[in-house]
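Below is one structure; the comments refer to it alone.
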Amino acid sequence: MTHTRIRKFNTKDSYPEQKLDNDLCQAVVARGSMVFVRGQVGQDLDTAVNVAIGDPVGQTDKAMANVKTLLEEAGSRLEDICKITIYITDPRYREPVYRKIGEYLKGVFPVSTGLVVSALARPEWLVEVDVTAVIPDNR
C-alpha cells in the first residue's frame, strides 16, 4: 500500500444493519503530487452523454469508471485515492451506491464522506463522486 492508512475498518462492522462491505479508514498520510478529480457523474467523458438515467447504481458505475480513467491519465491509480466524497440525492441510494463504489475500492481504505443533497447540477444526475489521490514520489 502506497500511503499510510490509519485505523482501517470495514463498513460491514460499523453498519451491521446495512449490506455494505467497503474498506475505509479514519485518516491517510500520503506523499507525492496531489490529484484532485472533479465530481464525476453518470456522463461519458468524451461525449458528455448522460448514461443510466434513473439508475443510481449505473450512474455510480460510470462515475467510478470516469474516476479510474482520469486518475490513470494523471499518472495515478484507484489504489492512490486518499479521500472520496459521495453525493446522493436520495438516502435510499446509499447502500446500492456504496456497494458499487466498494467494488472499485476494495482494499484501498480511503477516507470517505457521504452527503445527501437536495439536487445535483442536472436533475437526471442522482450520484456524484469526487476524489483526491496522490501520485506517489516513487512513480
Side-chain angles (χ1 to χ4, degrees):
M1 206 169 278
T2 306
H3 313 303
T4 302
R5 312 291 175 153
I6 298 169
R7 294 186 183 234
K8 296 180 199 175
F9 68 96
N10 187 287
T11 52
K12 67 183 170 196
D13 301 319
S14 299
Y15 305 98
E17 74 283 3
Q18 300 175 13
K19 295 176 182 151
L20 299 176
D21 183 16
N22 294 42
D23 292 330
L24 301 174
C25 71
Q26 298 295 339
V28 175
V29 179
R31 296 180 186 268
S33 300
M34 295 183 75
V35 179
F36 300 92
V37 178
R38 178 179 187 263
Q40 295 300 304
V41 295
Q43 188 177 63
D44 186 273
L45 285 172
D46 296 318
T47 65
V49 170
N50 293 317
V51 302
I53 302 298
D55 175 9
V57 174
Q59 289 184 22
T60 302
D61 190 44
K62 183 59 177 169
M64 290 304 295
N66 289 350
V67 165
K68 182 177 187 297
T69 296
L70 293 166
L71 287 176
E72 289 171 354
E73 288 178 10
S76 190
R77 305 176 308 207
L78 291 172
E79 294 81 15
D80 298 320
I81 291 174
C82 299
K83 170 85 167 104
I84 182 168
T85 305
I86 305 154
Y87 305 87
I88 56 176
T89 58
D90 187 319
R92 293 172 292 191
Y93 300 157
R94 184 175 184 276
E95 285 187 51
V97 164
Y98 280 45
R99 280 195 296 271
K100 179 53 70 177
I101 289 171
E103 292 174 16
Y104 279 87
L105 300 182
K106 195 68 176 162
V108 176
F109 298 94
V111 172
S112 175
T113 299
L115 301 163
V116 178
V117 297
S118 61
L120 295 168
R122 290 196 171 155
E124 62 270 24
W125 293 344
L126 306 174
V127 178
E128 187 166 339
V129 178
D130 73 62
V131 305
T132 302
V134 172
I135 303 169
D137 290 331
N138 61 358
R139 210 172 293 149

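These numbers come from a predicted model, not from an experiment.
Between the side chain of Q59 and the backbone N or O of L126, at least one donor-acceptor pair lies under 3.5 Å. In this structure a side-chain-to-backbone donor-acceptor pair under 3.5 Å is missing from T60 to V97. Judged purely by atom type and a 3.5 angstrom limit, Q18 has no side-chain atom pairing as donor or acceptor with the backbone of P16. Side-chain atoms of N66 come within 3.5 Å of backbone atoms of Q43 as a donor-acceptor pair (strictly under, hydrogens ignored). Here the side chain of E95 pairs a donor or acceptor atom with the backbone of K19 at under 3.5 angstrom. Under a 3.5 Å cut-off, the side chain of R5 and the backbone N or O of C25 do not form any donor-acceptor pair.
A heavy-atom distance below 4.5 Å is not found between the side chains of S112 and N22.
With values rounded to the nearest 0.5 angstrom, T113 atom OG1 is found 9.5 Å from D130 atom CG. The structure places CE of M34 at 11.0 Å from CD1 of I135, a figure rounded to the nearest 0.5 Å. Taken from CG in N10 to OH in Y15, the straight-line distance is 11.5 Å, to the nearest 0.5 Å. Taking CG of L24 as the reference point, atom OH of Y98 lies at 8.5 Å (rounded to 0.5 Å). The structure places CD1 of I101 at 4.5 Å from CD1 of I84, a figure rounded to the nearest 0.5 Å.
What you find for D137 and G32 is that their closest heavy atoms are OD1-CA, 3.0 Å. When all heavy atoms are compared, the tightest approach of V108 to L78 is CG1-O, 3.6 Å.
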- Query: Does the side-chain contact (heavy atoms from CB on, under 4.5 Å) test come out yes or no for V111 and T132, once each step is laid out?
  - Reply: CA-CA 10 Å; V111 172; T132 302; over 6 Å; no

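For K68, the NZ atom sits in a loose shell: 12 or fewer heavy atoms of surrounding residues, nucleotides or ligands are nearer than 6.0 Å. Few gaps surround CZ on F9; more than 12 heavy atoms of other groups in view lie less than 6.0 Å from it.
For residues 112-129, no pair satisfies salt bridge (charged side-chain N to carboxylate O under 4.0 Å, His left out), with sequence neighbours left out.
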